[in-house]
Amino acid sequence: MTRDELVAAVCEQPAATGIFSDFDGTLAEIVDDPFLARGVDGAWLLLEDLARRFAVVAVVSGRSITHLLDNFNPEGVLLSGSHGLQRSDRERRYVEQEAIDAASEAVELLAHLPGVKVERKPLGAAIHWRLDPDSAEAARRVAEEVAPRHGMILRPGRMVLEMALPGPGKGGVISDLIAEHGLGTVLFAGDDLGDLEAFRHLRTLPVRSLLVAVATPESPDALREAADLAVDSPRDVVALLSEIQRASELRPPQG
């Protein structure tokens, strides 16, 4: 599918179309310190405008709701965090004790590796080794040891391994939103293994799925192969969404 064909398909029936995107690596550049990830220039206002024109616009992320609300919270855009376990349009989940315990245990076991960072989340913890790639195996061993003790599953990513409470995953939360909004077409953009899982899930649903891969040297090859369109960076995702915005201006805003 060409870029122009994808834009046209997204804009055919905006009242029955959802636009979904991952955050890290898709709307935000990957950075050495995961706590410093922010949306690229223009993304915030662009998503706000698209949310007025399409049935639903959502950011579907492994990040916690708290991180998204604090750092990327466009008006009218639904936020889904912790791989579908949290949604900004629903009552917030309380902090789970298992997540606290797992994160604390991982911090203790990895204290001798200062380049490995443990990102605490309300419903899990992510172990990052981008600052110290040579410690990847040691970080994985800790995650594989700690997660089962706390009833958690492992979700791999780009130089990160997340210990997470079992949940619907990104594909599951998009499925829920498809049903809730009666969508016939969905656009989803992503860059990592969790997004590949969602790509494959969306292909099984009775909707038109338009899948965009942010294909970098770190992205899984299968992601590009599963996508309808590949782009090079989060800035290119925003450029694509800008094209969709301009095309949608030919139609009256939704709502």
Side-chain angles (χ1 to χ4, degrees), residues 1-23 25-28 39-61 68-69 72-81 84 87-90 168-191 195 198-214 223 226-255:
M1 175 177 284
T2 68
R3 193 177 181 109
D4 288 345
E5 288 171 340
L6 185 141
V7 169
V10 172
C11 295
E12 280 180 8
Q13 293 184 305
T17 298
I19 295 177
F20 304 95
S21 178
D22 175 43
F23 182 64
T26 306
L27 292 174
V40 300
D41 290 346
W44 186 303
L45 292 177
L46 179 58
L47 263 61
E48 286 188 340
D49 186 74
L50 291 171
R52 293 190 286 269
R53 298 175 180 276
F54 290 84
V56 59
V57 175
V59 176
V60 183
S61 174
L68 293 173
L69 289 172
F72 194 79
N73 185 19
E75 183 177 354
V77 175
L78 188 147
L79 306 176
S80 173
R87 280 175 47 169
S88 60
D89 61 340
R90 293 181 177 174
K170 295 179 181 181
V173 75
I174 295 174
S175 291
D176 290 343
L177 291 167
I178 288 170
E180 291 167 23
H181 293 271
L183 303 180
T185 300
V186 297
L187 167 73
F188 178 55
D191 74 303
D195 306 309
F199 278 17
R200 290 170 172 165
H201 179 73
L202 290 172
R203 291 297 196 203
T204 70
L205 303 180
V207 296
R208 186 177 191 181
S209 56
L210 305 167
L211 307 178
V212 178
V214 183
L223 186 79
D228 296 297
L229 180 71
V231 299
D232 295 330
S233 70
R235 294 187 183 281
D236 204 11
V237 172
V238 171
L240 175 65
L241 293 176
S242 295
E243 292 172 31
I244 292 170
Q245 178 196 41
R246 290 193 293 272
S248 70
E249 289 174 350
L250 300 175
R251 299 173 179 271
Q254 301 300 299

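Values below: all heavy atoms of this structure, side chains included; hydrogens, waters and symmetry mates excluded.
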ask   = Looking only at heavy atoms, which two atoms of Leu68 and Ser80 are closest? And how far apart?
value = CD1-O, 3.9 Å
query = What heavy-atom pair brings Ala189 and Val237 nearest, and what distance separates the two atoms?
reply = CB-CG1, 4.5 Å
message = Is there a side-chain contact (heavy atoms from CB on, under 4.5 Å) between Asp176 and Arg87? Walk through the geometry before answering.
response = CA-CA 11 Å; Asp176 290 343; Arg87 280 175 47 169; 4.1 Å; yes
note = Nearest heavy-atom contact between Gly25 and Val214 is O-CG1, 3.5 Å
remark   = side chain to side chain contact (heavy atoms under 4.5 Å, CB included) filter on Val40, not counting sequence neighbours, yields Glu29, Ala43, Pro234, Arg235, Val238
query = Which is it for Leu47 and Ile19 under the side-chain contact (heavy atoms from CB on, under 4.5 Å) test, yes or no, and what are the steps along the way?
reply = CA-CA 9 Å; Leu47 263 61; Ile19 295 177; over 6 Å; no
inquiry  = Take a 6.0 Å sphere around CZ of Arg203 and say whether it holds more than 12 heavy atoms from other residues, nucleotides or ligands.
reply    = yes
query = At their closest point, which heavy atom of Ala227 faces which heavy atom of Ala213, and how far apart are they?
reply = CB-CB, 3.6 Å
Straight-line distance of Thr17 OG1 to Ile244 CD1, nearest 0.5 Å = 10.0 Å
ask   = Thinking salt bridges, do Asp236 and Arg3 make one under a 4.0 Å N-O criterion?
value = yes
note = Distance col, row Leu183:CG vs Phe20:CZ, nearest 0.5 angstrom, shows 5.5 Å
inquiry  = Just verifying a value: how many Å separate Ser88 OG and Asn73 CG, rounded to the nearest 0.5 Å?
reply    = 7.0 Å
query = Closest heavy-atom contact between Cys11 and Phe54?
reply = SG-CZ, 4.3 Å
query = Can you tell me if Glu48 uses its side chain to pair, donor with acceptor, with the backbone of Glu75 under 3.5 Å?
reply = yes
message = Once you measure the plane-to-plane angle for Phe199 and Phe188, does it fall in the parallel (<30°), tilted (30-60°) or perpendicular (>60°) bin?
response = perpendicular
ask   = With side chains defined as the heavy atoms from C-beta onward, is the minimum distance between Glu12 and Thr185 less than 4.5 Å?
value = no
request  = Output all residues satisfying salt bridge (Lys or Arg N to Asp or Glu O under 4.0 Å) with Asp49, sequence neighbours left out; order by chain, then residue number.
outcome  = Arg52, Arg53
side-chain contact (heavy atoms from CB on, under 4.5 Å) evaluation trace for Leu240 with Leu6 = CA-CA 10 Å; Leu240 175 65; Leu6 185 141; 4.3 Å; yes
note = Looking only at heavy atoms, the pair that brings Val7 and Ala247 closest together is CG1-CB, 3.8 Å
remark   = Here the gap from Leu241 atom CG to Arg246 atom CZ, rounded to the nearest 0.5 Å, amounts to 11.0 Å
inquiry  = Can you tell me which residue among Asp228, Val10, Leu229 is in a side chain to side chain contact (heavy atoms under 4.5 Å, CB included) with Leu187?
reply    = Val10
remark   = CG of Leu223 to CG of Asp191, rounded to nearest 0.5 Å, is 7.0 Å
query = After noting the C-alpha distance and the side-chain angles of His201 and Ile174, does the key distance pass the side-chain contact (heavy atoms from CB on, under 4.5 Å) rule?
reply = CA-CA 10 Å; His201 179 73; Ile174 295 174; over 6 Å; no
message = Rounded to the nearest 0.5 Å, what separates atom CZ in Arg200 from atom CG in Leu211?
response = 11.5 Å
